Every structure is written in C-alpha cells, then in structure tokens.
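Heads up: the structure comes next, in structure tokens.
Predicted model, so just to flag it, every value in this text is computed and none were measured. Every chain is numbered from 1, with letters handed out A, B, ... down the list of sequences.
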Amino acid sequence: MSLLRTQKLVKHFGDTRAVDGVDLIVSQGEFLSLVGANGAGKTTLVNLISAYLQPDSGHIFFQDQDITFLPVADRIKAGIARSFQLVNLFDDLSAFDNVALAVFSREGKTRNLFTLAEKDDAVTQETLEVLREFGIEDKRETLAGGLAQGERKLLDVAVAHALRPKLLFLDEPTSGVSTRDKAQIMDTVSSVVRAGKITAVIIEHDMDVVFKYSDRIVVMQEGSILADGSPDEIRQNGEVAAMLLGAPTST
Amino acid sequence: MILGNNGQRRSIAWRWALAIPVVVVLLAVPAFAGAYWTQLLTYGLIFAVAALGFNLLLGYTGLLSFGHSAYLGVGAYSVAFMVRYWHVSSMELYILGGVAATAIVSALFGVVCVRYTRIFFAILTLALSQVLWTVAYKFFWITGGTDGLRVPYSDLSLLGGLIHFAGDDTYNKFIHSYYYYVLVIFCACVVLMWLIVHSPFGKTLQAIRDNETRARFLGVQILQYRWLAFLVSGIFTGLAGVLWVPLNGLTTPDILYWPQSGKIVFFTVLGGFRNFSGPIIGAVVYNFLEAWVVGFTQYWQFALGVILIVLVLFVPGGLVGTLLRVLTKTTTSMQTKPKALT
Amino acid sequence: MDILVLQILNSLFYASVLFLLAAGLSLIFGVMGIINMAHGSLYALGAYVTAWVITFAATAVHPAVLFLLLPAGALVVTAAGVVIEPVLLRPLYKRPEEYQLLITFGLLLVLEDVMRFVWGGTPLSASPLMDALGIVHVGEFVYPTYNLLVIAIGVFAALGVWAFVYRTRFGVMLRATSQDRRMASALGMNVGRVYVQAFGLGCFMAGLGGAIVVPSQAAVLGMGVEVLVLAFVVVVIGGLGSLEGALVGALIVSFVRTGVIQFYEELELAVLYLIAAAVLLVRPTGLFGRPQ
Ligand SMILES: Nc1ncnc2c1ncn2[C@@H]1O[C@H](COP(=O)(O)OP(=O)(O)OP(=O)(O)O)[C@@H](O)[C@H]1O
Ligand SMILES: [Mg+2]
C-alpha cells in the first residue's frame, strides 16, 4: 500500500526546474533513499511534501488523502515529519528541551501557560527515552548550540522522531561528520526507524551508506526521477552508475 | 527521582535559598528606610512588573517592543478615567478595569504587530503606541491633555475599603501600606511569570525565538504563540501602569510617550534580558540610578545614554548576566549549565 | 484656489525635509541593516549648528555669504557620523540587531542632552536667511521665497541621491553591499569603507534636512525626537531600505498631514500611523520594500 504519492509535482525557481513533474511513491514501512547530484532537486521535493514550499502544480497524497494545500501543522498532525539539511535546532535550549518540545507539541500541550514543563512526568520520560534511543542521553543538559556536530545531527533526527511520525524525511543526516560518526549515526537512525516501524525517506550522497541501509533507491536528476528500484537494480543500472560516478560524493 | 531533572531540581532549591532572604529584606525595608526610599523602591517594584512583561517578549520570544509605553499608559489612564468619570476609589477595581482595558488594547495591537519580527516589529509597536499618545495629548477635554488627570491617594482605598487614606497627614501611611500592597502583587507576578516561562508555553516561545522554522515544523503555529505572548506581556505592563498611577498622583500623556518605552527597554538591558531576574534587578536599580543622577545633574539623559552605550558595548549580558558569568566561572565545578536561561 | 496652492507648497516644503531625513534613514538601513534611532537627533543637531553659525555671522557678513554657511550643520553632522560608525556601530555588526538599535537609542539620549547643554532651552533660528529672500505673492497670500528654495533643494537632493546611487561607481558598491555583504567582500570590496561612507551620507542628509529647515522654523529641543517618529512612518509606508519609497512616503505623509490639519488637527499623527499600519497589513514590506 502506498503511504505517500506525488502526482506530477512541479516547482520551478525562475529558469531552474528544481522539481519537474515528479511521481514519487513511498510504500508503507520501507526505508527509501533519495539520491542524485547536487542541485538535482531532492531537497526541493522534500520541501514540497513537508509544506516548506508550495508546488507550482501537481498533487500530494498521503494515505490517499490530498494534502497538497494542507498547512504545515496539519501535515505534521497527519504524520509527516522532517529534519533539515543544515542542522536546525533550538540552540539556546538544552538537548532535553529540544526533544521535549516536540513531545509537548505532538501532545497539544504547548498552550499550557501555568504548569511547569518539567513537572510533566510522562513527557519527561518519553523525552529521556528518545534521547536514550539516540545515545545522547548524557548530553541532555547541554545546550544544543554547544553539542558536537555528530551529536547535533542525531539530535536533529531525534527531534523529528519525537513527533512520532508515520513518514520521516531526513535530509542528509550524515553530512559534515567524520566517516566513523557517519556509520554510528546511520546505525542509530536505521535501528530507531525499524524498531518504530516508521517509513523513512533519506537523502544521502554517500552511496556506500545508501546501498547498505536502503530497501529501495530513487535517483533524481535535474528535477525528474531517473531511476527507481532495489539497491541491486540500481547498482546494475548503467545510466545511474555513469551519473553517480561523475557526481561529487557529498556536499 | 527522574533522571533528567536532578540539575534543575538542584537549581530550584538554590533559587528558593536566594529568594527567601530577598523577600525578608524587602518586607523589612519600610522599617528602616524612610518614606523617600520606600517610595523609590515601590516605583522600582512597579516597573519590575512592567519589565517582567516586556521581557517575555524580548528575552523569551525574541521580539523587541519599542511601544510598551502604550500598556503602561492604558493601565494608568483606565484608572484615571475610573476616578474621573465613575468616582471609583477601590484599588482592586482599578486593577480589574486596568487589566481588562490593557488586555483589549494589547490583543488588538498584537494582531497587527506579531506578523512582523525584528526591526519591523520594533517600529510598528512604536508607531502604534504613539497613536495612543497623540490621542491622549490632543483630546484634552477627555484626557486633560498635558495637565493630565489626577488620581489622588487620599481618595484611594485598598483591600475593598479596609484601608483608606482620608484625613490629614496620611502620606506616610499611604507610602507604607502601598509599598506592601505593591510588594504582594510584585511577588505574585514574579511567581506567575516564572511559571509561564517554565511552562510548555514558555519553552515554546523560546523555541520560536531560537529557530522559527524548526518550531513551525514541530507543528507550532507561530503567530498564535507570539500573539499570546504579546497579550500576556501587555497585561503585565498594564498592571504596572495601574499600580503606578496612585503613587504618581496623576497621569499625563508622558506615560504613553515613547521615551517611556525606551526606559523599559533600558532597564531590561541594564539587568540583562537573557535572565529571568535581570529585568527585575534592572528596574529596581534603574529607579535608584535615575533618582541619583537626576539629583546632581539636569543632564541625566546624557548620563543614562552613556551608561546604555557602555552596557551594550562592554556588558551585553547586563548586571545579572555578567554576575552569573563571573559566579559560574569561579564555581565551574558546581555548575554544568552556565549559559541557559535561569 | 490660492489657499490650495499654498497648501501644496507647504506640503512640498515639508516633503522635501522629510525626504532628506527618511532617505538617509533608509539608506543606512538598506546598506547596514541598522535602524538609527539617533537619526532625528542628528537632524536637530544640523539645525542647531546652522542656526548657531548663521546667528553668529549675521552681523558680520553680507547675506549672500550667509547662504554659503547654510550647509555648516550638514557638514558637522557628517563628521559626527564618520566618527560614530567605526567607534560605536562597528563592534556590533556580529551581534543581534537589538543591540544596534539600543546603542543608537543611547546615542539619541546623549545627543539630546548635548544640545540642551550647548544651546539651552531657547529656540534658535537662522531667520536672516529667510528675511534675505523676502516673499512672493500667491494671489492674496504671501509665501516666503526661502521655502521655495527648500523645495528646490528637496527636488535637487532627490535627483542627486538617485544619480549617486544608480549612476556612480560608489552607488554600485553601495547596492552590492546592501544585497549581499559577504559576496561584496568576497569580490574584494572594502565593506568597512562602504559602511562609513553610507553612514556618513545618511548623516549628511539628516544634517542637511535640519540645516535647510532652520531658517524657516526655529530649532527647539525635542524637534529631533518628534521628526524621527514621522520619518519612521515615512519609511514604513515607503518600505525600509528603498529610496523611491522614502520619496513617495514623504509625499504621502506631507500631503496627508496638511490635509488632516485642515479638518481635524487632533488626528494628525493618529491618521498617519493608521495609514502606516494599513500599508503594512496590505504590503508587509511597505510600498517599495523588497521582501526580507
Ligand atoms: N529557494 C530557492 N530559490 C531559488 N532556487 C532554488 C531554491 N531552492 C533550490 N533552488 C535551486 O533548485 C535546484 C534544486 O535544489 P535542491 O536544493 O532541491 O537540490 P538538492 O538535490 O537537494 O541538492 P544538494 O545535494 O546540493 O542538497 C538547485 O539548482 C537550486 O539552486
Ligand atoms: Mg539538498
């Protein structure tokens, strides 16, 4: 069953055809990688699906409901969450508060003016649970702005994950970290995603990572989908190989 | 008991340990200070309430309002109108009326202002407050114009008529009772604001301040939260206006004029806007500072301007922020969380 | 009919001064991203200095020479600006913009008291210049010729600024810097110098505004603060950072103001603020502002 489906999705920036008639299908429960050269339109596609941008034309269906014109908050309620390519955290709040906010928001508790946030034991427990899953529990009191890059990346994903989405978009969760941290981040992310039975779409440049973790791979080029298949199929696709060989491996 | 909060629990204990002696000293002030100093401190506490409200926007929501004179003024003029047109004398009714009026005005202004941030927000709040100023200034047959409206303490009654100041030589009694009246309200406001900024709502405001986009992608509807913060902020400042006017004895359009907003900004920066207690300390210190500077030079604006420039250039954390930094530097082994909002 | 002409002239006079002020404010914001709260005080400083110099010289020199002294205020203010930027503003560019607003607010407080200290509470005017030019007849009314000169200076200033920003090399650098500071410095521009120059130019315009207004209206304490709020209204209507916006905003504000004063003087400022608020609601960036 398809969880998400886009229909002839188009977004142009002036002459740049960032997304140019994309029909993407994401199935329930899969771990999908979105790959392609710099500027292929991956981030823009995610921006459209997450309501960061409005498409020029086309439609987005989530669980067979047309969400093309739903505002951000409603798409999140429907179960779509995302992280950002450049780490996007609340830098002057602690790691704990970063995650707790997502939990409060999901539970509709952010309008409580007269209760102490820390007195909410259910939220506290859940927040700690999420931090533990991502292995950054001991950094809970550290301000997000003071964390190391790898920890920031993890926290970024943790915040999105704490919204308990059905569909999670991760835009380059391992960019800008060392190879060792990369493996650790990807192990953590994939185990969390699989344990939670979350459908995940990740944008990634490192093809080793992509082949290792994905169920399916979608290759984009100049705003369109160039290829779509299992890791093995993609590996054997000459056209893709040629394109990916010519492309930089990371941004 | 819960893993995450040992640090916070400990700092709460610390805060009580600090707060209790402060309250005890505040309670004792009229016993050893004369009417002059008591009155000055009363002003300080009143403006501290305004600053608490103001800082919910600046420190916690990241919005610099240059128009908070509007709410001081609405609070003050509501009282003056109640005195002049309805001959109300009960302080409790003043508070009810003043708070209701400021709530309406700040709710309306908020709708317009919270669509903007940064400098645009500052200018827009400024402009709107000046609309009220011109109205108070020009419609003199209603507002008394530059002569203002009198709110004499001799007509005032506190606690539903239990305390009043009719008769001769009641000034000292007034200062004395009013100080305690303000002190109680001040303490209530501090507790209330402390609760608000530590509530899920308060955390959400800080999240919006730090990163609006990410907050939006947690499902937070930014404008609604900003508006609510604006409203709460206006109400606190309006309450300060209500408390201010019997002490001052009259209200003139000056309370609505924008240098008054500048003053609120000033003492918040003086104390440090990234701290909960910064604006409180700033307001109290400012009132003594102003009284002192005015005492020996007529060019007190010059002195304040220089102080502000020095603060911005060299002490951006304000008094409290800097003090905390010095303290945490010397006790790093005890503290793990030097930069967070306290 | 004649009264209408008179009102139009009055509005244009006012618009000229407001334009100089608002364009300076806008230019500084456009290039440096700073709202200069002390802008009105610099305008007042320009007025005081010119009035002072002219009063001083009036007895000694021929009226024609007096006109050469008119820009004195503008020059002094420019000099002040060239000192203020590197000393007070430069350390703050990396900090949140609240601090920049605050420091110019501190400067405002200082300047207001400096003027009070130097010139005291008595109004100071440069009326010899106004008297020297006499009057013109508009039907049954008379109008000071000097005010026509101010209008001419306003028109000339608008053209001059436009040519400067769009037709000179310096203008190109200004615009480049305002568009993208990092890019400009990557292209080898000396951003620091552009900033001093932009701030100096903005201050010059404020000072010139004060200097040309003072022969017709005496300099008084608080004039800067009063005019600052009007200049804000102008830039909010026209769009912060836009010179065209400053021009159109100044015209709108001046004409509306003259009109409202005719009918219901009490509402003068309120109407202006409401217009500003209305413009913002419809076009958040002002009439000519570019999106943030
Ligand atoms: N807001 C925007 N305005 C103008 N052009 C944009 C905007 N966002 C993206 N683009 C352009 O659209 C194209 C696709 O960009 P996009 O960010 O989607 O690529 P990407 O596949 O995510 O690349 P990368 O791997 O570098 O992150 C690029 O040419 C980019 O320059
Ligand atoms: Mg991208």
Interchain contact, [X] with chain C, by part (heavy-atom threshold 4.5 Å):
{"X": "B:Ile307", "answer": "neither"}
{"X": "B:Ala303", "answer": "neither"}
{"X": "B:Val269", "answer": "side chain"}
{"X": "B:Tyr116", "answer": "side chain"}
{"X": "B:Trp258", "answer": "side chain"}

Got a sec: does the [atom1] of [X] have more than 12 other heavy atoms crowding it under 6.0 Å?
{"X": "C:Phe117", "atom1": "CZ", "result": "no"}
{"X": "C:Trp52", "atom1": "CH2", "result": "no"}
{"X": "B:Arg325", "atom1": "CZ", "result": "no"}
{"X": "B:Tyr137", "atom1": "OH", "result": "no"}
{"X": "B:Gln224", "atom1": "CD", "result": "yes"}

Greatest number of heavy atom pairs closer than 4.5 Å to chain C - which of B:Val310, B:Val312, B:Val265: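 Result: the option with the highest number of such pairs is B:Val312.
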Pick one of side chain, backbone, both or neither for [X], based on which atoms fall under 4.5 Å of a heavy atom in chain B.
{"X": "C:Leu111", "answer": "neither"}
{"X": "C:Ile103", "answer": "both"}
{"X": "C:Leu101", "answer": "side chain"}
{"X": "C:Leu228", "answer": "side chain"}
{"X": "C:Val236", "answer": "side chain"}

C:Leu240 and B:Ile123, any side-chain heavy atoms less than 4.5 Å apart: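 They are in side-chain contact.
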Rounded to the nearest 0.5 Å, what's the gap from [atom1] on [X] to [atom2] on [Y]? Could you check?
{"X": "B:Ile309", "Y": "C:Thr104", "atom1": "CD1", "atom2": "OG1", "value": "9.5 Å"}
{"X": "B:Leu126", "Y": "C:Met37", "atom1": "CG", "atom2": "CE", "value": "6.5 Å"}
{"X": "B:Leu313", "Y": "C:Leu102", "atom1": "CG", "atom2": "CG", "value": "11.0 Å"}

Derivation and outcome, side-chain contact (heavy atoms from CB on, under 4.5 Å), residues C:Val225 and B:Tyr257: CA-CA 11 Å; C:Val225 173; B:Tyr257 201 36; 3.7 Å; yes
Heavy-atom pairs under 4.5 Å with chain B, option from C:Leu274, C:Leu92, C:Asp113 with the top count: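 Looking at each option in turn, the highest pair count goes to C:Asp113.
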Aromatic plane relationship, B:Phe273 with C:Tyr99 - under 30° parallel, 30 to 60° tilted, over 60° perpendicular: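 C:Tyr99 and B:Phe273: tilted rings.
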Within the 6.0 Å centroid threshold, strictly below: C:Phe105 and B:Phe66: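 Between B:Phe66 and C:Phe105, which both carry aromatic rings, the centre distance is below 6.0 Å.
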From CA spacing to verdict: side-chain contact (heavy atoms from CB on, under 4.5 Å), B:Phe302, C:Leu109: CA-CA 6 Å; B:Phe302 179 87; C:Leu109 295 174; over 6 Å; no
Pair B:Tyr299-C:Glu112, side-chain contact (heavy atoms from CB on, under 4.5 Å): steps then yes or no: CA-CA 9 Å; B:Tyr299 301 105; C:Glu112 289 296 312; over 6 Å; no
Any donor-acceptor N/O pair, C:Arg116 side chain to B:Gln298 backbone, under 3.5 Å: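 Such a contact is absent between C:Arg116 side chain and B:Gln298 backbone.
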